[in-house]
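Have a look at the structure below before the remarks.
We name chains A, B, ... by the order of the sequence lines, and we start the count at 1 in each one.
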Number of protein chains: 2
Amino acid sequence: MRLTEKGRASRQRLVEAASLRLRGDAPGAMRLEDVLADAGMSKGQLFHYFPDGKEQLLLAVARYEAERVLADQEPHLSALDSLASWQAWRDVLVARYREQGAHCPLGALLAQAESTVGAGEVVTALLDRWQRHLRDGITAMRAAAGAEADREAAALIAGIQGGVQILRTTRSTAHLEAVLDQFIERLPSGP
Amino acid sequence: MRLTEKGRASRQRLVEAASLRLRGDAPGAMRLEDVLADAGMSKGQLFHYFPDGKEQLLLAVARYEAERVLADQEPHLSALDSLASWQAWRDVLVARYREQGAHCPLGALLAQAESTVGAGEVVTALLDRWQRHLRDGITAMRAAAGAEADREAAALIAGIQGGVQILRTTRSTAHLEAVLDQFIERLPSGP
DNA sequence: AGGTTTTTGGACCCGCCAGTCCAGAAAAGG
DNA sequence: CCTTTTCTGGACTGGCGGGTCCAAAAACCT
């Protein structure tokens, strides 16, 4: 499909509107009509840019969000080489989720992964990239064996993930903070 | 609503059939007709036992599952007083989720919490009870201050939660195991 | 300028599925 | 027994929302 400048912009507006909607609704509950209303567009346009309809749109949103999740943690995520930078990263993460509350791109992504074909791969790729960043940060802090640092990074990601999920239902960042703080506390000393 | 013996059994059959369905489908995607077919019952019965329909059924399922989540970790969960018992508990958890794969009662519960009114409270209560068990286990292993043990328990729960969620999309228990193993490794020595 | 392609709008269709209704079968129970 | 309550079955409805279609407007191209 050939797209003009205007076309690309319209397509992007749809993705962003859907992305916003998804932070509140489950993917199954998101209605095309709402997305259209938010974006100020018509059904015809949506199916012009996404011939396969809802599923294709959701997949595009998944890709879009995956990019944002990592981008939002920069510039810290790529330079976790001092205790101060880990702390700064932690603060960004907590602040972000605290202010978003139930609005959580990652949670929405994971939920999509179960319903949308292909979203699973997007999420897995995101998880891999994220974990690699954290592993690098861990090895930068102390000479841990690569495999061990990887396991620690895996546990940390799982903790963040779960902390955010719990945040979505309890509205409290306590679990998320517990994970991050305890990890950073024992970061310099090693396992 | 007065229920006879037979009535209670029928009602329970519905809850169990719905619970089973929910392990595969998102709550929004679960169809009443499927549940009815599984349970071998008719629409009339469902609305006889759950006048408020789907939502009320989902809430009943949430309560039912919350009970099971903790019950399935017994007898270990209530007696985490030795390294061996922690190990046994860990093995039960991993084995359970490995064999279930995508079939995950907890994940379904959390997903429901966002869509069903009242399910949030059920999940929060479950989380509290679970965390209390773990905190008791931690203090039993070493004389940690109550607050500190509570924070550790919170982080552990978040890790498990996230590990399971990642398992659902990656089909690998690696993250879950990383969380559990690292926690147990540093359990005796303290923070 | 004129033909071509892209973009836009919205009316319409149609299947799905939660929820309703009622009538008949089975228990309770006195 | 006979009455009353509970239980069961299934036909029917209503609206919701994804997807189709077509025609008009705008942009592109040479």
Practice item. Tell whether K43(B) reaches the base of dG9(D) with its side chain through a donor-acceptor pair below 3.5 angstrom. Key: no
Check your understanding: dG19(D) base to K54(A) side chain: any donor-acceptor pair below 3.5 Å?
Key -> no
Exercise for review: Consider only side-chain heavy atoms of I, L, V, M, F, W and Y, link residues closer than 4.5 Å, and tell whether L3(B) and M41(B) are in one cluster.
Suggested key: yes
Revision key, fill the gap. Whichever of S42(B) and L32(A) has the more 5' nearest nucleotide on DNA chain D, that residue is S42(B)
Any side-chain donor-acceptor pair under 3.5 Å between [X] and [Y]?
| X | Y | result |
| --- | --- | --- |
| E55(A) | T116(A) | no |
| H175(B) | Q131(A) | yes |
| E16(B) | Q12(B) | yes |
| S10(B) | Q45(B) | no |

Review point. If we fit an axis to the first five pairs and another to the last five of the helix from dA1(C)-dT30(D) to dG30(C)-dC1(D), what angle do they make, to the nearest 10°?
Key: 20°
Check your understanding: Among H76(A), Q73(A), E74(A), which residue meets the side chain to side chain donor-acceptor pair (under 3.5 Å) test with W89(A)?
Key -> Q73(A)
Check your understanding: Is E152(B) close to L134(B) at the side-chain level, that is, under 4.5 Å between some pair of heavy atoms?
Key -> no
Practice item. Taking the side chain as every heavy atom from C-beta outward, state whether V61(A) and L22(A) have any pair of such atoms under 4.5 Å apart. Key: yes
Roughly, in whole Å, what's the span from [atom1] in [X] to [atom2] in [N]?
| X | N | atom1 | atom2 | result |
| --- | --- | --- | --- | --- |
| L57(A) | dG19(D) | CG | P | 10 Å |
| M41(A) | dT6(C) | CE | C1' | 13 Å |
| L36(A) | dG18(D) | CG | C1' | 11 Å |
| Q56(A) | dG19(D) | CD | P | 11 Å |
| R11(B) | dT6(D) | CZ | C1' | 15 Å |
| R31(A) | dC16(D) | CZ | C1' | 8 Å |
| D34(B) | dC16(C) | CG | C1' | 12 Å |
| L14(A) | dG9(C) | CG | P | 11 Å |

Look at the side-chain N and O atoms of [X] and state whether any lies under 4.0 Å from the OP1 or OP2 oxygen of [N].
| X | N | value |
| --- | --- | --- |
| T4(B) | dC7(D) | yes |
| Y49(B) | dT8(D) | yes |
| Q45(A) | dT8(C) | yes |
| S10(B) | dC7(D) | no |

Practice item. Looking at every strand, decide which applies to G44(B) at a 4.0 Å heavy-atom threshold: base, sugar-phosphate, or nothing. Key: base
**Study point:** 5'-most by nearest nucleotide on DNA chain C - K6(A) or M30(B)
**Key:** K6(A)
Study note, to complete from the structure: By nearest-nucleotide position on DNA chain C, the 5'-leaning member of L3(A) and D52(B) is L3(A)
Point to revise | Which nucleotide in dT20(C), dC17(C), dC7(D) has an atom nearest any side-chain atom of H48(B) | key: dC7(D)
